[in-house]
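This report concerns only the one structure given below.
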Amino acid sequence: MTKPFNSDLMQGTLDMLILRVLQKDSLHGWGISQRIHLLSEDMLKVEEGSLYPALYRMERKGHIRAKWGISELNRKAKFYEMTAAGRKYYEAERKNWIQLANATALVLGHKFS
Amino acid sequence: MALLKDFVRRIKYLFKGSRLDDEMTDEIQHHIEFQQKKNLEAGMSEKEARLEAVRRFGNVERIKEECRDSWGVRLVSDLMNDLKLSIRRLIRNPGFTSVAIVSLGIAIGSNTAVFSMLNSILFRPLSVSNPEQLREINVEGPALRNIRSYGISNVLPDGRKETNAVPHSIFLEMQRTAVNHADVVGFSPIDGIEVRAHGDLYTGSGLMVSGNFFDGLGVHAVLGRTIQLEDDRPGAEPVAAVSYKYWQTRFNGDPAALNEIVTLNRSSFRIVGVLPQGFRGPRHGEEDDLYVPLASLPVIKQETSSERLWWIWIMARLKNESSNEQLKASLDLALERSISPASFRTDEGGQNSRLRMRDRKSMPKDGRVLLRDQTDQYTAYMRSILLDGSGGARNQSATMAVPFLLMLGAAMIVLFAACSNLAGLLIARTVSQENDLATRAALGASSLRLVRQGMTESLLIAILGAMLGWLLSVIGKGLILKILASAGQGEGISGENDHRVFIFTILITVLAAVLFGLFPSLQSFRINLMDVLRARTTAMRGWVAGRVFVALQVGLALFLITGAGLLLRSVSNIQRIDPGFDMENLLVFQLNARNGGYEDERKLDLYQRSVAAVRQVPGVKLVASSDMPLLANSSRTYGVIQAPDNPEFMGENVLAMSVSEDFFGALGIPILSGRAFQSTDMSMSELVVVVNESFGRKFFGHANPIGKRLTQKGTDRVFRIVGVCADTKYNRIKADARPILFVPMAQASRVGFGIFQAWIYVNTDLDPLSLVPSIRKSMATVDPDLPLIGVKTQLVQMNETIFKDKFQAKLLVVFASLGVFLSCIGTYGLMSYTVSRRTSEIGIRKALGAGSTEAIRPILKSSLIVTCIGLVLGIVFVLPFGNMIRDQLYRVEPHDPMIVAVAMVLLFIVSIGASWFPSRRAAKISPMETLRES
């Protein structure tokens with residue numbers, strides 16, 4: 001197992017990852033960070049210092065919206081969910097990213113499966 | 001849309017900021033709890049788990065700040081911080097704050113008050129549609145000195161005369177010739193008319209108007225109709241339109257006012273319409289209540305319209321496609337066609353005063369020459385003058401312009417002084433706060449933040465100053481209106497603040513505040529932090545600027561004080577003028593026999609009986625009457641008088657007046673030789689006259705005038721001089737003594753004076769006004785219906801004519817005081833700053849053994865230098881601008897050395913005073929403390 005990335009993700013990338021994990025469920029901040037951790041097979045770890053400002057920024061842009069709900073800790077917590085605009089943004093970004101990643105991989109002499 | 005949402009969120013944050021912050025804290029707490037739970041599950045102890053979770057999360061406050069930032073509310077929270085900090089800083093420096101705010105308040109307040117009032121006097125347009133199309137029409141020509149006019153006449157600086165009224169025949173011709181270019185409308189004021197309505201009797205004011213007057217001006221009735229062409233015909237039913245205000249006050253706005261009857265000078269008029277609110281009449285600064293057709297001249301004034309009577313004031317509404325030149329050409333054509341020698345006064349002297357050589361020379365060579373009748377040059381050179389009529393007929397623009405310019409200049413100077421004061425203060429202060437700025441910069445405040453902070457503070461000062469200014473302008477205007485009202489003036493001047501003016505002055509001051517607040521904080525970009533922090537004494541930035549501002553202020557204050565001094569001296573000179581007769585113990589009122597329906601010789605009889613009746617009142621010493629008022633800006637000219645005993649003298653027009661027997665006694669005018677008039681000077685006896693000293697000197701040199709004969713050119717009248725009286729003033733207190741001819745009232749109509757009104761003079765040792773009730777009672781025995789017009793003492797009458805001079809002087813004194821006050825503040829501010837900058841220098845001096853006086857010396861010296869520079873600047877200002885007000889001054893030179901010197905000394909003392917307190921602070925500086933501090 002390789003060492004998890006602890007470095008700051010690029011801003012656009014973090015947004016994309018957040019949107020990805022919010023695709024089906026609405027999650028609170030902790031949930032989001034755990035889900036990314038999980039989906040990346042423990043490779044990516046989201047810094048709290050980046051996560052919350054990113055959430056506020058995305059909420060401001062209208063890609064996600066917040067709702068109050070009850071968390072597993074049995075207490076009030078803020079749950080985020082994806083908006084239609086967020087979905088559109090996500091699809092576009094995802095396409096971009098994959099194209100970029102493929103191109104970069106080509107240059108580096110590696111081919112994705 | 002997104003912008004709007006953003007904005008809404010920011011505003012929301014402003015009010016719900018703390019709740020949002022709580023939510024954020026809550027969310028973070030929630031995150032930490034999860035981490036804690038996870039840690040517990042991983043087998044940590046409870047305490048360990050919690051600490052690890054918190055540590056892992058990182059700097060909560062920093063993350064919150066970043067969240068706020070990404071949420072876009074950072075600006076708002078910063079602004080609130082700026083505001084809080086600014087308020088704190090302002091409160092911490094009460095001296096600076098109050099000085100700055102008061103300076104601004106004074107400037108904004110005085111400017112708003114003065115400009116608003118000037119605006120309403122000078123520039124307020126008539127409330128009709130498209131007032132810019134209106135023209136006021138005057139006519140000019142040298143022969144106009146010989147007309148009988150109900151209008152206002154001015155003598156132009158080059159000796160020509162202009163008037164705003166024409167005979168009816170000329171008016172009609174003007175309407176005809178100008179029909180393609182303009183609607184020419186006419187009106188004639190009927191001030192002081194006796195009105196009866198609803199059983200009340202009072203004095204009102206109104207206009208006779210031409211039939212096309214309202215339609216021409218574009219004024220439509222809100223109730224009923226206006227006066228129309230068919231109303232303005234002889235024999236038409238007498239109708240009247242009334243102003244909205246009149247309708248409201250006299251009829252409580254009752255529509256039943258229509259068809260009510262008002263009685264004007266005993267003739268009845270049926271009210272047919274109410275004019276719109278806001279229409280105050282066509283005369284600038286006057287308010288007219290009642291409007292009747294021109295055709296009612298005979299019943300209102302017991303007079304028939306004729307070519308001789310110049311009574312119709314004219315205005316015109318220019319048609320869209322026409323030019324001023326076209327209108328003027330057609331009006332000149334009308335003058336050419338319709339003017340006739342009959343329009344000029346010829347009855348008094350037969351062929352009388354033809355144009356004299358002087359007039360001929362003053363005629364412009366390229367002028368329109370009209371030679372319809374070669375033998376009579378009266379009609380020559382009549383031309384029309386077109387003036388802007390958007391503000392109504394004013395006929396005083398030329399004379400009023402200079403004083404208003406003066407006030408304008410004074411107000412602007414005060415505004416400038418306040419702005420420069422503020423600038424000086426801000427600069428001085430920010431420079432002295434360089435340490436503070438540098439420290440904050442070192443702790444990580446961005447330059448932009450620092451600039452914004454400075455701006456916020458300046459704006460706060462400007463806003464507070466504007467609020468104070470508004471308050472002061474309301475108070476100041478109330479005071480000015482009160483002064484005006486106490487002199488019976490100021491009617492029609494708006495008491496409202498003009499918002500445009502207010503906003504304009506605020507903009508200027510805010511601009512100054514922001515500019516000068518910005519300038520020093522901009523320097524924070526350039527500040528080398530280490531330099532500032534290492535050495536406390538930085539370059540004296542801003543100090544030079546501060547000195548320049550204070551010097552300028554001193555100079556401007558000198559300008560204002562000198563101006564105020566000159567005007568005050570002028571007014572006191574005027575008030576000290578001896579008119580040649582008793583003013584304080586003299587009550588005067590006016591009678592108009594026409595108001596009582598008296599005709600011809602019965603008028604003279606009425607006046608004589610009135611004099612006799614008033615004489616019966618206990619406490620009255622002497623009673624006299626005359627046909628002209630004294631010191632009321634009106635006079636009678638009579639001529640040409642020649643002296644057959646002195647054939648070398650060509651003869652000339654003189655001032656004249658018909659007076660009753662006791663005139664000289666009642667007014668206390670000494671008879672120098674010969675006698676006053678007696679009861680034996682009857683209407684059919686020999687024509688006798690009393691002349692004044694100037695008359696005698698002019699006509700007879702050193703010879704004794706008593707017994708000499710006078711003749712009038714063109715008539716066979718021969719007068720014998722029976723007495724010489726001392727020189728007196730006649731129409732104006734400021735005029736030099738001129739030859740005056742007095743004729744006995746009994747002979748007035750025989751010498752062609754005609755009998756119109758009379759002024760009754762009552763001489764008493766008691767308080768003249770206390771006699772008024774008993775005089776009224778006594779007059780009621782003569783005719784209970786005859787109104788006593790304008791009852792006042794002669795002193796009050798005289799003061800009314802010099803009201804403008806006094807008002808102007810008072811206003812300038814106020815401005816000068818403000819100017820001095822501001823320059824004091826400026827000096828004080830600069831010196832305080834200097835002391836604080838030089839604290840260590842003074843401390844070192846003292847440590848080296850200098851006494852308090854020696855320590856103060858450099859401070860005072862720098863203050864003196866600035867003041868002196870200012871005074872020199874001031875003199876440079878004062879000398880050239882002094883000539884501007886030369887016409888406003890009476891017997892004072894614009895550069896009166898005494899006044900300039902007094903003003904300079906005054907300013908000098910005040911400046912020293914203003915730097916005294918800061919210097920005291922310097923004297924108290926303890927050497928040890930200052931050395932330790934640095």
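Keep in mind it's a predicted model, so treat the numbers as computed, not measured.
Residues forming a side chain to side chain donor-acceptor pair (under 3.5 Å) with B:Thr25 (at least two apart in sequence, or on another chain): B:Lys64.
Classification of B:Arg89 and B:Glu457 as a salt-bridged pair holds, one side-chain N sitting under 4.0 Å from a carboxylate O. For B:Glu33 and A:Arg75, the salt-bridge test passes: some basic side-chain N is under 4.0 Å from an acidic carboxylate O.
Taking both residues in full, the closest heavy atoms of A:Ile64 and A:Tyr80 are given as CD1-CD2, 3.6 Å, listed atom of the first, atom of the second, then distance. Taking every heavy atom of both residues into account, A:Leu44 and A:His37 meet most closely at O-ND1, 3.0 Å.
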Carefully, step by step, assess A:His28 and A:Gln34 under the rule side-chain hydrogen bond (donor to acceptor under 3.5 Å, both in side chains). CA-CA 10 Å; A:His28 45 68; A:Gln34 290 307 301; over 6 Å; no
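For residues 41-51 of chain B, heavy-atom neighbours of chain A at less than 4.5 Å comprise no residues at all.
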